[in-house]
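Within every chain, numbering begins at 1; the chains are lettered A, B, ... in the order of the sequence lines, protein sequences first and strands thereafter.
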Amino acid sequence: MKTTPKSEEELFERARNIAGFTVLELAIEANMLVPSNLIKDKGWIGQLLEWHLGACSRNKPKQDFEHLGIELKSIPIGHKGQPLETTSICIAPLVQVHELSWEQSYLRKKISRILWIPVEGKREIPLSKRLIGYPILWSPSKTQELQLKTDWEEIIDMIALGQIEQITARHGEVLQLRPKAANSQVRTNAYGTDGKLIKTFPRGFYLRTCFTASILQSHFI
DNA sequence: TTCTGATCATTA
DNA sequence: TAATGATCAGAA
């Protein structure tokens, strides 16, 4: 187990040091076994990176580097460096949202500072041979935060109005609300249109690929 | 080929 | 059960 980095600089330097290695090389150093596929180990790459960077809070409902205020996210990319998948941010609140403001939202805190680590994610590439990319330490620009805020407020408004069932992944320019659960049988509390509690599936916030693409792009300029 | 809705493992 | 880490896979 590695120690937790004491500063942002130390964290970023570690991230730089693993860039260019393959998943297999990192797994050996971490004494981990590379799964044959990610079907049953979807969070495996994230956990591998957490180990190398010394994240302290595995599977805890807080930021990866709480003392630094930094969140770690791996992002699968294609051969041109474009994101292959949307990026899950956090679970969406479905109750007690009426007084929630963007400024105090969990989502905003989560994305306030993110260490992105691109990893080759093409399914043609065997998992063990995938390369780790150069890390990006990112905070939203004014423009980006406004985009996120706009989408977030629209979605939260609908939740507060009991229109959760009408929300689909098509809402939002850069932010989506999608199911996030172990399976479609899972239910949790939410508001119905009459203001009473109903059961629906848990949702999570996701960043669209066009948004994460712009983050990756800005890094190469 | 891209996107949306569904799904998997693990832990507190 | 709810939150963490995300990707799968069929529909469009």
Side-chain angles (χ1 to χ4, degrees), chain A residues 1 15 23 26-27 30 32-66 70-97 105-107 109-111 114-128 130 132-133 151 155 159 164-190 197-213:
Chain A
M1 197 59 190
V23 166
L26 293 187
M32 293 168 80
L33 291 173
V34 182
S36 51
N37 59 64
L38 293 176
I39 295 177
K40 294 192 183 303
D41 295 276
K42 301 193 183 199
W44 186 83
I45 291 197
Q47 286 160 8
L48 178 68
L49 295 175
E50 284 175 0
W51 185 93
H52 277 273
L53 299 178
C56 43
S57 52
R58 208 187 100 118
N59 282 335
K60 302 253 179 62
K62 49 168 121 168
Q63 286 171 306
D64 297 300
F65 301 96
E66 197 179 28
I70 296 176
E71 175 76 13
L72 172 68
K73 291 244 161 275
S74 67
I75 179 166
I77 56 169
H79 58 91
K80 290 178 196 157
Q82 82 280 22
L84 294 175
E85 291 280 355
T86 50
T87 305
S88 63
I89 304 301
C90 62
I91 199 87
L94 299 184
V95 293
Q96 298 176 346
V97 294
S105 71
Y106 185 48
L107 177 85
K109 188 185 173 193
K110 272 272 184 183
I111 62 150
I114 295 181
L115 180 65
W116 297 96
I117 302 195
V119 179
E120 282 185 329
K122 285 286 209 187
R123 295 186 199 170
E124 303 91 87
I125 307 174
L127 186 54
S128 60
R130 295 183 189 175
I132 309 299
D151 288 345
I155 291 169
I159 295 175
I164 178 88
E165 302 291 7
Q166 279 75 58
I167 303 177
T168 70
R170 293 170 192 80
H171 286 84
E173 292 286 319
V174 297
L175 199 64
Q176 302 176 299
L177 195 71
R178 306 224 306 268
K180 169 108 166 73
N183 56 66
S184 56
Q185 311 306 310
V186 176
R187 291 295 184 275
T188 190
N189 286 327
L197 283 180
I198 60 167
K199 291 287 184 183
T200 188
F201 20 86
R203 316 296 170 99
F205 284 116
Y206 294 78
L207 291 179
R208 289 183 180 277
T209 49
C210 61
F211 187 78
T212 47

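The phosphate of B/dT10 (OP1 or OP2) has no side-chain N or O of A/Gln47 nearer than 4.0 angstrom.
Contact annotation for A/Lys180: base contact, defined as any heavy-atom pair under 4.0 Å involving a base atom. The residue A/Gly46 sits close only to the backbone: its heavy atoms come under 4.0 Å of sugar-phosphate atoms, none of a base. No contact: A/Arg203 has no heavy atom under 4.0 Å from any strand. Nucleic acid contact class of A/Ser88 (heavy atoms, under 4.0 Å, all strands): base. As judged by a 4.0 angstrom heavy-atom cut-off over every strand, A/Arg170 is placed among residues touching the sugar-phosphate backbone only. A/Pro76 comes within 4.0 angstrom of sugar-phosphate atoms only, judged by non-hydrogen atoms across all strands, and of no base. Within 4.0 Å of A/Thr86, counting heavy atoms only, lies at least one base atom of the nucleic acid.
Straight-line distance from the CD atom of A/Glu50 to the C1' atom of C/dG5: 6 Å, rounded to whole Å. Atom CZ of A/Arg123 and atom P of C/dG10 are 10 Å apart (whole Å). Spacing between atom CG of A/Asp41 and atom P of C/dC8 amounts to 11 Å, rounded to whole angstrom units. The distance between atom CZ of A/Arg208 and atom P of B/dT2, rounded to the nearest whole Å, is 15 Å. One interatomic measurement links the two molecules: CD1 of A/Ile45 to P of B/dC8, which rounds to 19 Å at whole-angstrom precision. The CD1-C1' distance, from A/Ile89 to C/dA6, rounds to 11 Å in whole Å. Here C/dA3 presents its P atom at 17 Å from CG of A/Asp64, a figure rounded to the nearest Å. Regarding A/Leu177, its CG atom lies at a distance of 12 Å from the C1' atom of B/dG5, rounded to whole Å.
Applying the 3.5 Å distance criterion, the base of C/dA3 shares no donor-acceptor pair with the side chain of A/Tyr106.
Take the nearest nucleotide of DNA chain C for A/Leu49 and for A/Pro202: the residue whose nucleotide is more 5' is A/Pro202. Closest-nucleotide positions on DNA chain B for A/Ala169 and A/Lys40 were compared, and the one nearer the 5' end corresponds to A/Ala169. Residue order along DNA chain B, read from the 5' end via each residue's closest nucleotide, puts A/Glu85 first among A/Glu85 and A/Ser184.
Comparing C/dG5, C/dA2, B/dT4 by their closest approach to the side chain of A/Arg178 singles out B/dT4. In this structure, the nucleotide among B/dC3, B/dA6, C/dA9 sitting nearest to the side chain of A/Ile39 is C/dA9.
Considering A/Ile155, A/Ile159, A/Val97 in turn, A/Ile159 is the only one that fulfils the side-chain contact (heavy atoms from CB on, under 4.5 Å) rule with A/Ile164.
Here the straight-line distance linking atom CG of A/Leu115 with atom CG of A/Leu72 works out to 5.5 Å at 0.5 Å rounding.
Looking at A/Glu165 and A/Lys199, no side-chain N of the basic residue comes within less than 4.0 Å of a carboxylate O on the acidic one, giving no salt bridge. The pair A/Glu71-A/Lys73 meets the salt-bridge criterion, since a charged nitrogen lies less than 4.0 angstrom from a carboxylate oxygen.
In this structure the side chain of A/Thr209 never reaches within 4.5 angstrom of the side chain of A/Leu84, judged on heavy atoms. Contact of the A/Arg187 side chain with the A/Phe201 side chain is registered, since non-hydrogen atoms from C-beta on lie closer than 4.5 Å.
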